[in-house]
Asks: 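Just dropping this structure here.
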Amino acid sequence: MSKSYYLTTPIYYVNDKPHIGHAYTTLACDALARFKRLDGFDVMFLTGTDEHGQKVQKSAEDKGIDPKTFTDQVSQNFRDLTATLNFTNDDFIRTTEERHYKSCQKLWNTLIENGDIYLGSYAGWYAVRGEAFYAESEITDGKAPSGAPVEWVEEPSYFFRLSAYQDKLLAHYDANPDFVAPKSRLNEVRSFVAGGLNDLSVSRASFSWGVPVPGDDAHVMYVWLDALTNYITAAGYGQDDEADRFPSRWPADLHMVGKDIVRFHAVYWPAFLMAAGVPLPKRVYAHGWWTNEGQKISKSLGNVIDPVDIAETYGLDQMRYFLLREVPFGNDGDFSHNAMVHRMNGDLANDLGNLSQRVLSMIFKNCDGVMPSKPAALAEADETILKEVDGLLERQRYHYDNQQFHEALKDIWDVVSAANRYVDDMAPWALRKTDFDRMGDVLWVLAETLRQVAILIQPVMPEASAAMLDQLVVPDDARGFDQLGQGSHMQGGQAIDKPVPIFPRYVEEESA
Ligand code: MSP
């Protein structure tokens, strides 16, 4: 049986248009999902939309439509975005689906049976933006620490016995130091839990847009309990075929989230699962936030970045590369035109694009359009660079398993730089006259380097890498990671076409 890998994005609130922050979380997962598939894993990659709650109900009311019609429309925008940005999610879950109601209700009933939910009444602060409860001590000037305005809520409510899970959670963090990453987030979560946990209100009675609480129609489930459950719904929990699917899919290998929602994923979610007797996900990774030209991104500032515009302006693969290369994954980052153009023209057009174009042009012109054959013997310089190339996969695996996408790309570009130095040192254009066979060997080393590089950048730049591999005449079924390394070196001999540049340069428009 093949190794399996299950990863998830947060499910997105439908009160908003998708923006660069949403695209970023899903992109990181997409790169990882593609990487694992190429590496032979049976992958399940889940994304979707979070459609209940007071905020969504309000947004629908503001538009004068019922919440179902509203969520149908906005959810579709998110679904469309996945196709536009070339995301390869295997499922798209909506919390308004029947399968999700079943799963939430099964979880609820299990928590009731296990004595972890009880009826009480809530009196306290609630932020509709973020859908979170806050203690008096967390409120300053009518605002939550997230900056969201809060309102006073007083209503009957079911509570989850979160306080009973403090020690179990701490023990889990200690026994599984990779459960939350980066380390700084684990520390943050740990000190929050160590500070003491109050029982958590898990139902609302003052509005109706949610999953009904089984046996009590006056309540809907708290939207975060409902939302988090999506991860098990899609794996088969509470479904008719649960026994066939759930044990082989769950626990998830990775929940990718933004830093703002780590508490929900690393405290509440594992506590719910412990209480239900369901295994915990293996890891929660919290990435940082993007600003736009140095400014916080917000609707009120009017500086929300539409990922579709960015992809149209700079190119989709260029955007994907930029987002994963520019900022150490886990840190905050700034999106700026200059930085984008710098990466696009530097790393892509100059470093990799020119290399590929030069090498293939030389082969096309000087070798009658036929790829040189694998050399019988290699020179020391050839071995040095090939050793670097052949060793890439192992380090890529390490970086991807640690969600360090920028490091993975940096390692590949170190090899690209080495190949650029090699081509200058070997000067195959001069060898053409002095040592034609040696020229062929040098071009083969370079083409072999490009082949492995193109295979390895597929997770981040699926279209550009496909174009490179097409130009190298690598068959579709020879593009997996089993084709990397010394044992899989290309034999050569295939006829190639006249190459065309793969990475365009961004040319600034003349200012009027
Ligand atoms: N619906 C909840 C998640 C429920 S998961 C069980 C939610 N939705 S959200 O639409 O508000 O946010 C989804 C993700 O987008 C979060 O991971 C958040 O961190 C991310 N981002 C929103 N703005 C962002 C930036 N400016 N930069 C990077 N990511 C940001 O929270």
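Each ligand, and each atom within it, is numbered from 1 in the order the structure gives. Any value given below was found using the heavy atoms of this structure, including those in side chains, with hydrogens, waters and symmetry copies removed.
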Asks: Can you find a non-hydrogen atom of Glu131 under 4.0 Å from ligand 1?
Replies: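 It does not; every heavy atom stays at 4.0 Å or beyond.
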Asks: Which residue supplies the protein heavy atom nearest to atom 16 (C) of ligand 1, what is that atom called, and how far is it?
Replies: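 Of every protein heavy atom, Ile261 CD1, 3.9 Å lies nearest to atom 16 (C) of ligand 1.
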Asks: So does Lys63 have more than 12 non-hydrogen atoms from other groups sitting under 6.0 Å from NZ?
Replies: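 Check fails, neighbour count at 12 or below.
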Asks: With rounding to the nearest 0.5 Å, note down the distance linking CG in Asp414 to CG in Leu392.
Replies: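 Between Asp414 CG and Leu392 CG, I get 9.0 Å after rounding to 0.5 Å.
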Asks: Please identify which atoms of ligand 1 are closer than 4.0 Å to at least one heavy atom of His265.
Replies: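 Close to His265: 5 (S), 6 (C).
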Asks: Under 3.5 Å between some N or O of ligand 1 and some N or O of Tyr13?
Replies: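 Indeed, backbone or side chain, Tyr13 has an N or O that close.
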Asks: For atom 24 (C) of ligand 1, tell me which residue out of Ala227, Ala286, Ala132, Gly21 has the closest non-hydrogen atom.
Replies: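 Comparing heavy atoms across Ala227, Ala286, Ala132, Gly21, the nearest one to atom 24 (C) of ligand 1 lies in Gly21.
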Asks: Using a plain distance cutoff, I'd like to know if Asp50 has any nitrogen or oxygen under 3.5 Å from a nitrogen or oxygen of ligand 1.
Replies: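 N/O-N/O distance below 3.5 Å exists for this pair.
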Asks: Got the closest protein heavy atom to atom 17 (O) of ligand 1, with its distance?
Replies: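 The protein heavy atom lying closest is Gly258 N, 2.8 Å.
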Asks: Measure up the Phe35 and Phe481 rings against each other and bin them: parallel (under 30°), tilted (30 to 60°), perpendicular (over 60°).
Replies: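 The rings of Phe35 and Phe481 stand perpendicular, inter-plane angle above 60°.
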Asks: Less than 4.0 angstrom from a charged side-chain N to a carboxylate O is my criterion; do Asp39 and Arg397 meet it?
Replies: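 Judged by the 4.0 Å cut-off on N to carboxylate O distance, Asp39 and Arg397 do form a salt bridge.
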Asks: Could a heavy atom of Gly288 be found less than 4.0 Å from some atom of ligand 1?
Replies: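 Yes; Gly288 lies near enough to ligand 1 that a heavy-atom distance drops under 4.0 Å.
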Asks: Could you check whether Lys259 pairs with Asp332 (Lys NZ or Arg NE/NH1/NH2 to Asp/Glu carboxylate O, under 4.0 Å)?
Replies: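 Answer for the salt bridge query: yes.
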Asks: Hey, are Asp90 and Arg37 close enough for a salt bridge, meaning a charged N less than 4.0 Å from a carboxylate O?
Replies: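 Answer for the salt bridge query: yes.
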Asks: Looking at Arg283 and Asp253, is any side-chain nitrogen of the basic one under 4.0 Å from a carboxylate oxygen of the acidic one?
Replies: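 Between Arg283 and Asp253 there is no salt bridge, as every charged N stays at least 4.0 Å from the carboxylate O atoms.
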Asks: Which of the atoms in ligand 1, numbered in the order shown and given with their element, are less than 4.0 Å from a heavy-atom of His287?
Replies: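 Result: 28 (C), 29 (N).
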Asks: Only one of Val453, Ile502, Asp347 clears side-chain contact (heavy atoms from CB on, under 4.5 Å) with Leu352; which?
Replies: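 The passing option is Val453.
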Asks: Which of these, His22, His52, His19, His255, has its nearest heavy atom closest to atom 23 (N) of ligand 1?
Replies: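 The nearest heavy atom belongs to His19.
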Asks: Take a 6.0 Å sphere around NE2 of His337 and say whether it holds more than 12 heavy atoms from other residues, nucleotides or ligands.
Replies: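 Result for NE2/His337: enclosed.
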Asks: To check your reading of the model: name the closest protein heavy atom to atom 27 (N) of ligand 1, its residue, and the distance in Å.
Replies: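 That would be Trp290 N, 2.9 Å.
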Asks: Looking at ligand 1, is there an atom of it that comes within less than 4.0 Å of some heavy atom belonging to Tyr231?
Replies: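 It does, in that a heavy atom of Tyr231 comes within the 4.0 Å cut-off of ligand 1.
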Asks: Who's closest to atom 19 (O) of ligand 1 heavy-atom-wise, of Asn292, Asp260, Ile297, Thr95?
Replies: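 Answer by nearest heavy atom: Asp260.
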Asks: Which residue and atom name correspond to the protein heavy atom nearest atom 3 (C) of ligand 1, and how close is it?
Replies: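 Nearest neighbour among protein heavy atoms for atom 3 (C) of ligand 1, to 0.1 Å: Ile11 O, 3.2 Å.
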Asks: Check whether any N or O atom of Tyr12, backbone or side chain, sits under 3.5 Å from an N or O atom of ligand 1, and answer yes or no.
Replies: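 Between Tyr12 and ligand 1 (N or O atoms, distance only) the closest approach is not under 3.5 Å.
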Asks: Given 3.5 Å as the limit, does a donor-acceptor pair link the side chain of Gln458 with the main chain of Ala466, or not?
Replies: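 Side chain of Gln458 to backbone of Ala466, a donor-acceptor pair under 3.5 Å: no, none is there.
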Asks: Mind checking whether Met256 has a heavy atom under 4.0 Å from ligand 1?
Replies: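 Heavy atoms of Met256 never come under 4.0 Å of ligand 1.
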Asks: Taking the basic N atoms (NZ, or NE/NH1/NH2) and the acidic carboxylate oxygens, is any pair closer than 4.0 Å for Asp351 and Arg343?
Replies: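 The answer is no: the pair does not qualify as a salt bridge.
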Asks: Is any N or O atom of Trp224, backbone or side chain, closer than 3.5 Å to an N or O atom of ligand 1?
Replies: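 No - when backbone and side-chain N and O of Trp224 are compared with those of ligand 1, no distance drops under 3.5 Å.
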